[in-house]
Amino acid sequence: MSDIVLIAAWQNPKSREWIPIGKLKYEDNFYKFSYVKGVKKAKNDGFMPFYKMEDFSSIYITKSLFPQFANRLLAKGRPEYERYRKWLGLNENSTSLDELAKNNGVRVTDNMQLYALPKKQEKYVVEFFPHGMNYLIKSYEDRAKTFEIGEKLYLMQDLQNEYDTNALLIRTKDPIEIMGYVPRIYSKDFTKLLKHNATLTVKQVNSDSLKQFLLLCEFSAEWVDDFIPFSDEIFSDYKED
């Protein structure tokens, strides 16, 4: 089974800030969910605890995936399932957590998403679909469909972004065209690693997919000795004051 740890993040509907609220993992044949310190801020901003998971200091354990997350998976009986699995780069050995790490658990009916916690190894590697692909102008979308696997992309800071001071735009080299944003939860860590042989490349192009799955990217950098992903206190385990 997958050793992926997923960070659940909730978006404040007014400020649009993404706030980490918990961690989801599969361990010892059980799914486990626990809240992180960010949930206290989220609650003050309007977040409501999950049903039957109101105690922020508890660890919740279940044999089957929690319904709050299971309903973010595409049913295998859907006619587009095989294409969808290909878009996400999944295979027959992929797990539910692998799927949630790729589709980010996105639902149009709420404001929660899920992201994989990068695992310590020689390289820091994150695969992701850029945010904002649904808003690309037609010429940029057409450009994305012509990318070659391994083609290099570039990051630049969006210094005037009123919602995120760490926002990173994705662009092509020449001519410069915008290909969306790095998911906000990763942008701060990416910025820390940009000077450590960082590269951003095209991992997969899904020309027949929904726009949100059109372009799979891979960010890679040296995992420097003093680097800890998601090191801000709001990502740490929740404890009562």
Side-chain angles (χ1 to χ4, degrees), residues 1-9 24-26 31 64-110 112-119 121 123-155 168 170-172 177-186 190 199-221:
M1 194 66 177
S2 176
D3 61 351
I4 287 176
V5 177
L6 297 177
I7 300 292
L24 174 67
K25 61 183 178 180
Y26 188 81
Y31 291 97
S64 301
L65 185 60
F66 299 95
Q68 294 90 342
F69 306 113
N71 61 17
R72 298 167 189 276
L73 303 171
L74 185 69
K76 294 183 179 180
R78 292 280 293 270
E80 71 271 29
Y81 180 77
E82 287 304 318
R83 286 186 295 142
Y84 163 83
R85 191 173 72 168
K86 181 181 177 182
W87 297 339
L88 269 59
L90 303 175
N91 57 46
E92 62 275 4
N93 297 317
S94 297
T95 68
S96 296
L97 296 192
D98 291 319
E99 181 177 342
L100 291 172
K102 286 292 186 68
N103 74 9
N104 301 132
V106 175
R107 296 177 63 195
V108 296
T109 55
D110 68 13
M112 190 182 78
Q113 295 185 9
L114 296 147
Y115 298 92
L117 174 67
K119 292 179 286 187
Q121 52 190 336
K123 288 274 190 179
Y124 171 96
V125 178
V126 171
E127 292 183 8
F128 66 93
F129 291 99
H131 283 189
M133 294 294 287
N134 286 332
Y135 306 104
L136 291 187
I137 63 175
K138 183 64 165 56
S139 62
Y140 289 9
E141 180 185 342
D142 291 342
R143 173 80 177 273
K145 291 179 180 179
T146 68
F147 287 150
E148 300 289 335
I149 304 305
E151 188 166 341
K152 191 173 182 180
L153 298 172
Y154 300 85
L155 296 174
L168 290 175
I170 300 167
R171 67 168 179 85
T172 57
E177 293 177 326
I178 302 301
M179 294 295 149
Y181 283 88
V182 168
R184 193 174 300 183
I185 199 168
Y186 290 123
F190 282 17
T199 60
L200 180 65
T201 56
V202 175
K203 179 77 174 184
Q204 187 169 298
V205 179
N206 301 312
S207 298
D208 62 337
S209 74
L210 302 173
K211 285 185 180 180
Q212 71 190 82
F213 300 133
L214 172 59
L215 184 62
L216 181 61
C217 298
E218 180 181 275
F219 179 86
S220 175

List the steps, then state whether side chain to side chain contact (heavy atoms under 4.5 Å, CB included) holds for Lys152 with Leu200. CA-CA 6 Å; Lys152 191 173 182 180; Leu200 180 65; over 6 Å; no
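- Judged by distance alone, with hydrogens and angles left aside, the side-chain atoms of Gln204 form a donor-acceptor pair with the main-chain N or O of Trp87 at under 3.5 Å.
- In this structure the side chain of Tyr84 never reaches within 4.5 angstrom of the side chain of Asn206, judged on heavy atoms.
- When all heavy atoms of Ile170 and Phe128 are compared, the pair lying nearest together is CD1-CE1, 3.7 Å.
- Taking 4.0 Å as the cut-off between side-chain N and carboxylate O, Glu82 and Arg85 count as a salt-bridged pair.
- Residues Ile149 and Lys203 form no side-chain contact, since every pair of their non-hydrogen atoms from C-beta on lies 4.5 Å or further apart.
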Given the rule in the side chain to side chain contact (heavy atoms under 4.5 Å, CB included) test, do Arg83 and Asp208 qualify, once you have shown the distances and angles that lead to the verdict? CA-CA 9 Å; Arg83 286 186 295 142; Asp208 62 337; 4.0 Å; yes
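- Of all heavy-atom pairs between Asn91 and Asn93, the closest is OD1-N, 2.8 Å.
- Atom NZ in Lys25 sits 10.5 Å away from atom CG in Leu117 (nearest 0.5 Å).
- With Glu99 contributing its side chain and Leu74 its backbone, the two residues share a donor-acceptor pair below 3.5 Å.
- Ring pair His131/Tyr115 is tilted by interplanar angle, where 30° to 60° counts as tilted.
- Residues Met133 and Leu215 are in side-chain contact: their nearest non-hydrogen atoms beyond the backbone lie under 4.5 Å apart.
- With a 4.5 Å cut-off on side-chain heavy atoms, Leu65 and Leu24 count as touching.
- For the pair Lys145/Leu214, a side-chain contact is recorded, criterion being any heavy-atom separation below 4.5 Å from C-beta on.
- Counting heavy atoms from C-beta outward, Tyr140 and Ile178 have side chains that approach closer than 4.5 Å.
- Nearest approach of Tyr186 to Ala116, heavy atoms of both residues: OH-O, 2.8 Å.
- Between Phe66 and Tyr31, the distance separating the two ring centers is not shorter than 6.0 angstrom.
- Asp3 and Tyr26 are not linked by any side-chain donor-acceptor pair at a separation below 3.5 angstrom, with hydrogens and angles left out of the test.
- When the shell of 6.0 Å around OH of Tyr135 is examined, it contains 12 or fewer heavy atoms from other residues, nucleotides or ligands.
- Rounded to the nearest 0.5 angstrom, Lys123 NZ and Phe219 CZ are separated by 10.0 Å.
- Here CG of Leu155 is found 12.5 Å from OH of Tyr181. Values are rounded to the nearest 0.5 Å.
- With Ser94 contributing its side chain and Asp98 its backbone, the two residues share no donor-acceptor pair below 3.5 Å.
- Residues Thr201 and Glu151 form no side-chain contact, since every pair of their non-hydrogen atoms from C-beta on lies 4.5 Å or further apart.
- Using a 4.0 Å cut-off between charged side-chain N and carboxylate O, Lys138 and Asp142 make a salt bridge.
- Smallest separation of non-hydrogen atoms from Gly180 and Pro130: CA-CB, 4.4 Å.
- Taking OG1 of Thr95 as the reference point, atom CG of Leu100 lies at 8.0 Å (rounded to 0.5 Å).
- Summarising the geometry, atom CD belonging to Glu127 is positioned 10.0 Å from atom CG belonging to Leu88; distances are rounded to the nearest 0.5 Å.
- At least one donor-acceptor pair under 3.5 Å links the side chain of Asn103 to the backbone N or O of Gly105.
- The environment of CD in Gln121 is crowded: more than 12 heavy-atom neighbours from other residues, nucleotides or ligands sit within 6.0 Å.
- A 4.5 Å side-chain heavy-atom check between Leu153 and Val202 finds at least one atom pair inside the cut-off.
- Ion pairing between a basic and an acidic side chain is recognised when a charged N comes within 4.0 Å of a carboxylate O; Arg72 and Asp110 show such pairing.
- A salt bridge links Glu141 with Lys211: at least one charged nitrogen is closer than 4.0 Å to a carboxylate oxygen.
- Summarising the geometry, atom OG1 belonging to Thr146 is positioned 8.0 Å from atom CD belonging to Glu148; distances are rounded to the nearest 0.5 Å.
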